[in-house]
Amino acid sequence: MEFSKRTHHCAALTVGDENKKVILCGWVDSVRDHGGVLFVDLRDRYGRTQIVFNPEAGKEITESAEKLRSEFVICIEGEVKKRSQETINSKLKTGEIEVFAKDLEVLSTCEPLPFPLEDNLDVSENLRLKYRFLDLRRASFQKNFIFRHKVVRSVRNYLDTEGFLEIETPYLTKSTPEGARDYLVPSRVHNGKFYALPQSPQLFKQILMISGYERYFQVVRCFRDEDLRADRQPEHTQIDMELSFVDEDVIHDVIERMIQKIFKDCLDVDITIPFQRINYEEAMNLYGSDKPDLRIPEVIHNLSGISKDVSFNVFKKVLSIEEGVIYGLCGSGLAESASIKDMNDLTAFAISFGAKGLAWIRIMNDGSFKSPIVKFFDEATLKKYQEELQAKCGDVMFFVADIKKVARNVLGALRLKLAKDKGTLQYNDYKLLWVNKFPLLEWSEDEKRYSAVHHPFTMPDIKNIDELINDPASVTAKAYDLVLNGTELGGGSIRIHDTKLQEEMFKILGMDIESARIKFGFLLDALKFGAPPHGGIAIGLDRLIMLLLGLGSIRETIAFPKTQKATCLMTESPSDVSEKQLKELGICIEEE
RNA sequence: GGGGGUGUAGCUCAAUUGGUUAGAGUCCUAGACUGUCGAUCUAGUUGUUGCGGGUUCGAGUCCCGUCACUCCCGCCA
């Protein structure tokens, strides 16, 4: 018997294969030894098949079968038999048959496992990450990676038919000062100099447009040395694209049809296009977020007008300052059930997002208002609040009094928390939308200068350059984010393709022509040699997979992810390197 | 940089108000068993309670520090 002569995989056999002689290979999923007859569930990538070891097959094979343990790798030759009616396992795809083993070869043994490989068992993540090769054997992981493969295949097929070319860009490139912290790679040949791993192939894809490729894409790794989150890893994969002779509408359309096709190909779900579009300012006002979760019906309301004449000092004080507002949000169904402690927890939550406090008024089932602060409001005002917030009996009205930026941020976070705590959000209730018209610039108090909200190559939404020069703060950008269920799936912009405008942009960002030349000279050069109007977008592949499958973290979509401290527990990286290596690079480690 | 959660047998967890010998299931080992599919039954092995310090007659439990994993804020064009 030769394992390379495998005839079927472990999900293939059916009653139609009865009496066939087959060779199967795989891992021992479980052993059930009855003393006489012994059952093994044999597992490979495709599925499981029950193998029967009967004493009648001979002494030798029976004895070696008794030595089988979980996760041994074996090859068996045997005969397919239909199971009797009462022994059919309906949970198993191959449950109507079993294979009577005639020959058994142990290809590899396995030590006792550090943790069981069943799905739905919470094993501590550091153990799972250390033994990632075992964790990846679990069925749920295999499902995730098969799905990820399908998504990428669907994307490649689609973009090919749309005329996109897949072109690779360098990983060893130049450090750029804007944006995230770079991962640096020292140069041996050029002592004291460094490459950087790209945060994205941004400039290369723009250059490719100038080089005339018109439509580029790449499934590409991007690196950012910033702190991690459930949906953020130091290296992540983007579906990166750039197109020439397009405006925002063309890009929206190309992406909408791509997303639609992914849903259809990979989930068999029909989604309607075009997606909802909302401007940044509106998103911030209604949802307190630039990535609103539209599964949640409640929105934020501006109650400043209604609150003008209230005697509540906290509100009065805030309304007297510039940018001071009273914003409100309805917490539905909480009035009777939430305890004082729950309210205190929510207040602490609001404070962690920068609020000074959180005011709340319960509307009891009998319609009465209940709150420590209710005495500061007359009945008519309370009614107006209730009406504006569309709160029903049994709801709680939440208020944040602060400057606009803080108030909507806090209520945006509260809106998400209340919905998550209620536990009614369904991952497969997919709500997609575009957020458009982002601000172009934001003032950096630390650096006393403007910085680009998106990046310095983003096209301002202006008629002429004077608008930018005269009042840069109020200019919006031709930039857009794609949002799915409260997560930013991707973003992009129309780019500047004019040298003058690009130089002006650098100037506004506090970069003189000299330093702009040093940092981005190649782009400024390229822009002079026939740059077409162009724009693009990048979609976060890991996040897309996470959201489509309803996973809790992108670590479930990445085969070998890092911990929150950016280490790999399997390879134990990062690690020390030898003195010799350091010397070659001219690097000296400073003791802390 | 900051806030929260978790850390007890290989694994998943329990341990009353701080109370005397830290338990259970599972895994593993051995035995029994010819139709199981989370097999079953019997017996057995398994502990630096993450680590360091403190309070106490006595600490898994309380306090301080520290480490690891994780969630969040900041940060992430």
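Keep in mind the model is a prediction, meaning the values are calculated, not measured. Just so we're on the same page: letters track the sequence lines, and every chain starts at 1.
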Would you indicate what [X] reaches in the nucleic acid, counting non-hydrogen atoms under 4.0 angstrom: base, sugar-phosphate, or nothing?
| X | result |
| --- | --- |
| A/Ser200 | base |
| A/Phe100 | base |
| A/Leu38 | nothing |
| A/Thr567 | sugar-phosphate |

Suppose we screen for salt bridge (Lys or Arg N to Asp or Glu O under 4.0 Å). Which residues come up paired with A/Lys81, at least two apart in sequence or across chains?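 A/Lys81 satisfies salt bridge (Lys or Arg N to Asp or Glu O under 4.0 Å) with A/Glu79 once adjacent residues are dropped.
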Please identify each residue that fulfils salt bridge (Lys or Arg N to Asp or Glu O under 4.0 Å) with A/Lys404, with sequence neighbours left out.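 Residues passing salt bridge (Lys or Arg N to Asp or Glu O under 4.0 Å) with A/Lys404: A/Glu281.
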If the sugar-phosphate is the primed atoms plus P, OP1 and OP2 and the base is the rest, what is the B/S/- string for nucleotides 70-76 of chain B, using protein heavy atoms under 4.0 Å? BBSBBBB
Please encode protein proximity along nucleotides 37-47 of chain B as a string of B, S and -, counting only heavy-atom distances under 4.0 Å. BSB--------
Test of understanding: with ring pair (Phe, Tyr, Trp, His ring centres under 6.0 Å), list the residues that count as partners of [X], not counting sequence neighbours.
| X | value |
| --- | --- |
| A/His252 | A/Trp434, A/Tyr480 |
| A/Tyr46 | A/His9 |
| A/Tyr280 | A/Phe438 |

My understanding is that only residues two or more places apart in sequence, or in another chain, count here; which of them pass side-chain contact (heavy atoms from CB on, under 4.5 Å) with [X]?
| X | value |
| --- | --- |
| A/Pro198 | A/Tyr171, A/Thr173, A/Phe223 |
| A/Ile513 | A/Glu503, A/Arg517 |
| A/Arg229 | A/Asp231, A/Arg232 |

Using atom [atom1] of [X] as one end and atom [atom2] of [N] as the other, report the distance to the nearest whole Å.
| X | N | atom1 | atom2 | result |
| --- | --- | --- | --- | --- |
| A/Phe53 | B/rC33 | CZ | C1' | 18 Å |
| A/Leu569 | B/rC67 | CG | C1' | 13 Å |
| A/Ile51 | B/rU36 | CD1 | P | 18 Å |

Taking atom C1' in both B/rU42 and B/rC57, what distance in whole Å separates the two?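 That atom pair is separated by 44 Å.
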Restricting both atoms to N or O, compile the protein contacts to nucleotides 27-30 of chain B shorter than 3.5 Å, with distance only.
from	atom 1	to	atom 2	distance (Å)
B/rU29	OP2	A/Arg69	NE	3.2

I'd like to know if A/Glu111 reaches the base of B/rG10 with its side chain, counting only an N/O donor and acceptor under 3.5 Å.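 No such pair is found, so the answer is no.
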Does a side-chain N-to-carboxylate-O contact under 4.0 Å join A/Lys437 and A/Asp461?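 A salt bridge links A/Lys437 with A/Asp461.
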Can you classify the ring geometry of A/Phe353 versus A/Phe349 as parallel (below 30°), tilted (30 to 60°) or perpendicular (above 60°)?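 Ring orientation of A/Phe353 relative to A/Phe349: tilted.
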Does the side-chain ring of A/Phe115 lie flat on the base of B/rC11, meaning centres under 5.5 Å and planes less than 30 degrees apart?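 No, aromatic ring not over the base.
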Listed by chain and number, what are the side-chain hydrogen bond (donor to acceptor under 3.5 Å, both in side chains) partners of A/Thr487, not counting sequence neighbours?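 Result, side-chain hydrogen bond (donor to acceptor under 3.5 Å, both in side chains) vs A/Thr487: none returned.
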